[in-house]
Amino acid sequence: MRSFLVAGNWKMNGSKPQATELLQQLVPLLKDITHVECVVCPPNVYLPLCSELLEASNIKLGAQNIASNIKAAYTGEISPPMLREFACKYVIIGHSERRTLLQETDQLIAEKVAVALDGGLHPILCIGETKEQLDAGLGLKTVMAQLAAVLEKVGIERFKNAVVAYEPVWAIGTGLSATPQQAQEMHAHIRKYLAVLDPEIAATTQILYGGSMNAANAAELLQQPDINGGLIGGASLKAQEFSEICHAAMRIGSK
Ligand code: PGA
């Protein structure tokens with residue numbers, strides 16, 4: 001039995017009525033799911049609403065960002081205890097949109113991962129190469145450097161509570177997913193890197209694929225031996241489609 005994690009990254013989408021409608025549809029659609037950790041990551045302002053709507057469900061909650069230190073004087077930022085008050089279990093860190101649009105560096109991302117782990121949250125660490133890096137033959141080097149920066153900061157022992165999401169930047173929001181073979185190859189490299197540090201932690205670390213995953217291509221991607229789930233953007237905003245991805249993971253996991 002393989003265990004999967006499927007997380008929906010809502011990004012800056014939604015409104016109170018939309019978030020309510022989406023979760024009211026999703027809760028019954030996912031109520032039969034077992035052995036797949038289904039997670040939604042709404043914008044922070046909707047966390048109180050979403051945590052109430054998900055209270056009696058099997059869907060977990062995650063945030064999309066966290067502060068890089070726990071100083072109280074840090075205007076505009078949100079700490080792990082605040083997220084945990086609203087039942088957040090996960091937090092996405094290092095998404096490529098934040099790396100590029102907000103200039104988040106490997107160093108800052110490593111600090112955020114440390115803050116999340118210290119605060120009892122499970123970081124979903126996003127790593128991935130751009131199209132230019134891929135074309136220049138620098139995909140693997142880029143991804144490994146992003147991973148190494150975090151491991152240098154937190155160490156492999158603490159990393160056992162983290163999740164990795166390999167998200168090739170060229171596949172995000174483009175409709176152009178990596179092929180299952182391309183994704184598997186990178187996931188295997190990521191696991192191998194972790195295995196050098198600790199084989200047991202490497203074997204249990206969940207490595208998600210993200211980048212235009214949808215109901216049509218999920219099964220093929222999730223069948224790959226080193227893919228343990230998905231980080232879903234656009235398709236997570238449609239209850240039926242997100243549910244189909246979670247159900248595909250459950251079918252594959254129970255084979
Ligand atoms: P996408 O986004 O599924 O819309 O490509 C994935 C992500 O950005 O996490």
Side-chain angles (χ1 to χ4, degrees), residues 4-14 18-19 22 26 36-44 46 50 59-66 88-104 109 112-113 116 121-131 133-134 139 142-143 146-147 150 162-180 182-184 186-187 190 206-222 224 227-249:
F4 286 96
L5 192 161
V6 179
N9 174 10
W10 291 7
K11 309 195 180 186
M12 202 173 69
N13 289 292
Q18 283 169 344
L22 181 51
L26 207 53
V36 180
E37 178 95 324
C38 303
V39 183
V40 294
C41 304
N44 282 344
Y46 302 130
C50 294
I59 304 171
K60 301 291 190 297
L61 204 52
Q64 298 175 16
N65 184 33
I66 197 164
C88 271
K89 182 172 176 186
Y90 296 91
V91 56
I92 298 170
I93 297 179
H95 191 279
S96 73
E97 285 151 16
R98 298 195 64 87
R99 287 180 189 265
T100 50
L101 303 172
L102 292 151
Q103 290 84 42
E104 289 200 359
I109 289 159
K112 289 186 175 194
V113 170
L121 294 165
H122 296 274
I124 300 176
L125 168 67
C126 301
I127 52 181
E129 81 285 358
T130 62
K131 178 85 173 72
Q133 288 161 335
L134 178 74
T142 305
V143 169
Q146 291 170 341
L147 185 60
V150 171
V163 176
V164 178
Y166 168 57
E167 297 206 304
V169 181
W170 46 270
I172 296 177
T174 58
L176 185 79
S177 163
T179 65
Q182 267 176 319
Q184 164 57 27
M186 188 62 89
H187 282 230
I190 294 168
Q206 287 181 305
I207 308 175
L208 317 182
Y209 168 78
S212 299
M213 193 190 263
N214 55 39
N217 63 19
E220 235 195 321
L221 286 158
L222 295 171
Q224 302 303 312
I227 300 185
N228 310 110
L231 182 56
I232 322 294
S236 73
L237 299 171
K238 298 173 215 143
Q240 185 61 39
E241 182 139 16
F242 189 67
S243 159
E244 282 175 30
I245 298 170
C246 295
H247 280 90

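Order of listing sets the numbers, starting from 1, for every ligand and every atom in it.
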Judging by distance only, is a nitrogen or oxygen of [X] under 3.5 angstrom from one on ligand 1?
X      : value
His95  : yes
Gly173 : yes
Glu97  : no

How does Ile172 reach ligand 1, if at all, at less than 4.0 Å between non-hydrogen atoms: by side chain, backbone, both, or neither? both
Under 4.0 Å, heavy atoms only, figure out whether ligand 1 is touched by the backbone of Ala171, its side chain, both or neither.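 Contact part for Ala171 vs ligand 1: backbone (N, CA, C, O).
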Would you mind running through ligand 1 and noting each atom that sits below 4.0 Å from a heavy atom of [X]?
X      : value
Lys11  : 2 (O), 7 (C), 8 (O)
Leu231 : 6 (C), 9 (O)
Gly211 : 5 (O)

Is the shortest distance from a Lys or Arg side-chain nitrogen in Arg99 or Glu104 to a carboxylate oxygen in the other one below 4.0 Å? no
Would a 4.5 Å heavy-atom cut-off, applied to side chains only, mark [X] and [Y] as touching?
X      : Y      : result
Trp10  : Cys50  : yes
Met213 : Leu222 : yes
Val163 : Leu5   : yes

Evaluate the ring planes of His187 and Tyr166, with Trp represented by its six-membered ring, and classify them as parallel (under 30°), tilted (30 to 60°) or perpendicular (over 60°).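 The rings of His187 and Tyr166 stand perpendicular, inter-plane angle above 60°.
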Do me a favour and list the nearest non-hydrogen protein atom to [atom] with residue, atom name and distance?
atom                   : value
atom 3 (O) of ligand 1 : Gly233 N, 2.8 Å
atom 4 (O) of ligand 1 : Gly234 N, 2.9 Å
atom 9 (O) of ligand 1 : Glu167 OE2, 2.7 Å

For Ser212 and Thr174, the nearest pair of non-hydrogen atoms, with its separation, is OG-N, 3.5 Å
So, for Cys126 and Ile92, which heavy atoms are closest and what is the spacing to 0.1 Å?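 Looking at all heavy atoms of both residues, the shortest contact is SG-CG2, 3.7 Å.
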Report yes or no: does Ala235 have a heavy atom closer than 4.0 Å to ligand 1?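 Ala235: no contact with ligand 1 (<4.0 Å).
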Could you establish whether Ser212 and ligand 1 come within less than 4.0 Å of each other, counting only heavy atoms on the residue side? yes
Look up atom OH in Tyr209 and atom CG in Asn217, then write down how far apart they are to the nearest 0.5 Å.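 So the gap between those two atoms works out to 7.5 Å.
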Other residues, nucleotides and ligands only: do more than 12 of their heavy atoms fall within 6.0 Å of CD on Glu220?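 Not more than 12 within 6.0 Å, no.
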